[in-house]
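This report refers to the structure that appears directly beneath it.
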Amino acid sequence: MTTTGTAAPPLTSHLAGNYHPLPVVLATGEGSWVTDVGGTRYLDLLAGYSALNFGHRHPDLIRAAHEQLDRLTLTSRAFDHDLLEAFANRLAALLDVDLVLPMNTGAEAVETAIKASRKWGYEVKGVPADQATIVVADGNFHGRTTTVVSFSTDDDARRGFGPFTPGFRVVPYGDTAALAAAIDATTVAVLLEPIQGEGGVIIPPAGYLPAARALCDEHDALLVVDEIQSGLGRTGTTLASDLVGVRPDLVTLGKALGGGIVPVSAVVGRRDVLGVLTPGTHGSTFGGNPLACAVALAVVRLLETGEHQARARELGAHLAERLDALVAEGLLASARSVGLWAGIDVDPVHGTGRQLSERLMARRILVKDTHGQTVRLAPPLTITREDLDWALDELTDVLRSTVTG
Ligand SMILES: *Cc1c(COP(=O)(O)O)cnc(C)c1O
């Protein structure tokens, strides 16, 4: 098994090499489990980076998709369809927001939030033309478009892709004083992840988001929170912002909103902010299409009961206890978790995050490293306690039995 380095793709393959996946080829999935082409079953503890919060092929979501496939799949926004308003209204009610602007991918939702913030800044706040600034945090992950990587601090994500979009100021994540110092009269928005997912499930001090809220109020700037990975039940609340009682002006959603079936994203928030996007100023051919709305409506229905959020809280408390025990035993360098979402830092004596991922794969557990020594755990919120405990027993055993270097 390859354990390190980026293997050159075989010359016979026509697939672009912009990923370095674990060496597994999946064929089917059901709930928390997937099966590879050879018939081996694996427990999925990544859940599509939280795109699969409700597991693989959740029956309610599959039913909604099938019914819609048999009825109407695409209209473009040139015409309305009979689920568009229903989707917007129901999502707005779930999140207690004024407006919903549907897009497809997460990066598009972030781009939409940036455009709305800038236009609001010029038309409502009165920032001089082309002077708008947006304050962001280092270690951020907001997607892969040229504008979004313009304010990434990950060298791999940026190098070779300039010239970059100006107008962004990067401050250390979790540092309220640095945030305060970066905001001025040109600032239209502060854009933050409430917890940095790709960064390794980095949880800021509890006062950070509330302080950002207060600073934005003080300076007439928008608080834009990217909940594409943290939102929709993952942290034990519908939004991670709810954990600290913060109401952002705009929220970006994606990943789990598409139920693991189709890409669905949205920007939700204040009417006077999203209202600056009038006909002709912004759009998407596929945004809010009937199939997307059917699936996303079914996702909203799953979240309305609060059942998945409660599961994430209960199982999350158990996950945190068990990870703390591994840290106490000296088997993990450190661990952070909130709800069913954890970042574990692998002590180098146990190898790299990649090596741990490969060892867990050999034990039929799928996870993926993020940033060298860190492995993210994000099981479906529908995982059973037994499956979670089995995976944690295997993790414990792998760590106890491997010492490298
Ligand atoms: C995944 C992610 C994105 C980008 O979503 P895509 O659908 O891959 O474009 C943006 N922000 C956060 C926080 C994410 O986790």
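Residues take their numbers from the sequence shown, with the count starting at 1. Counting starts at 1 for both ligands and their atoms, following the listed order.
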- Output, in order, the C-alpha distance, side-chain angles, deciding distance and verdict of side-chain hydrogen bond (donor to acceptor under 3.5 Å, both in side chains) for T145 and E111. CA-CA 8 Å; T145 62; E111 289 274 352; 2.4 Å; yes
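Applying the ring-ring contact (aromatic ring centres under 6.0 Å, His included) rule to F151 yields the partners H142, F168; only residues at least two apart in sequence or on another chain are considered. Every residue meeting the side-chain contact (heavy atoms from CB on, under 4.5 Å) condition with A113, not counting sequence neighbours, appears here in chain and number order: V224, L250, T252, V267.
Taking 4.5 Å as the limit, every side-chain heavy atom of H56 sits out of range of all side-chain heavy atoms of W33.
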Report, one line per pair, each donor and acceptor closer than 3.5 Å where one atom sits in a side chain of residues 92-102; sequence neighbours left out.
from : atom 1 : to   : atom 2 : distance (Å)
D96  : OD2    : R247 : NH1    : 3.1
D98  : OD2    : R271 : N      : 3.0

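Listed by chain and residue number, the protein contacts of ligand 1 are T105, G106, A107, F141, H142, G143, E193, D226, I228, Q229, K255 (heavy atom within 4.0 angstrom).
Residues A116 and L277 approach most closely at CB-CD1, 3.9 Å, considering heavy atoms.
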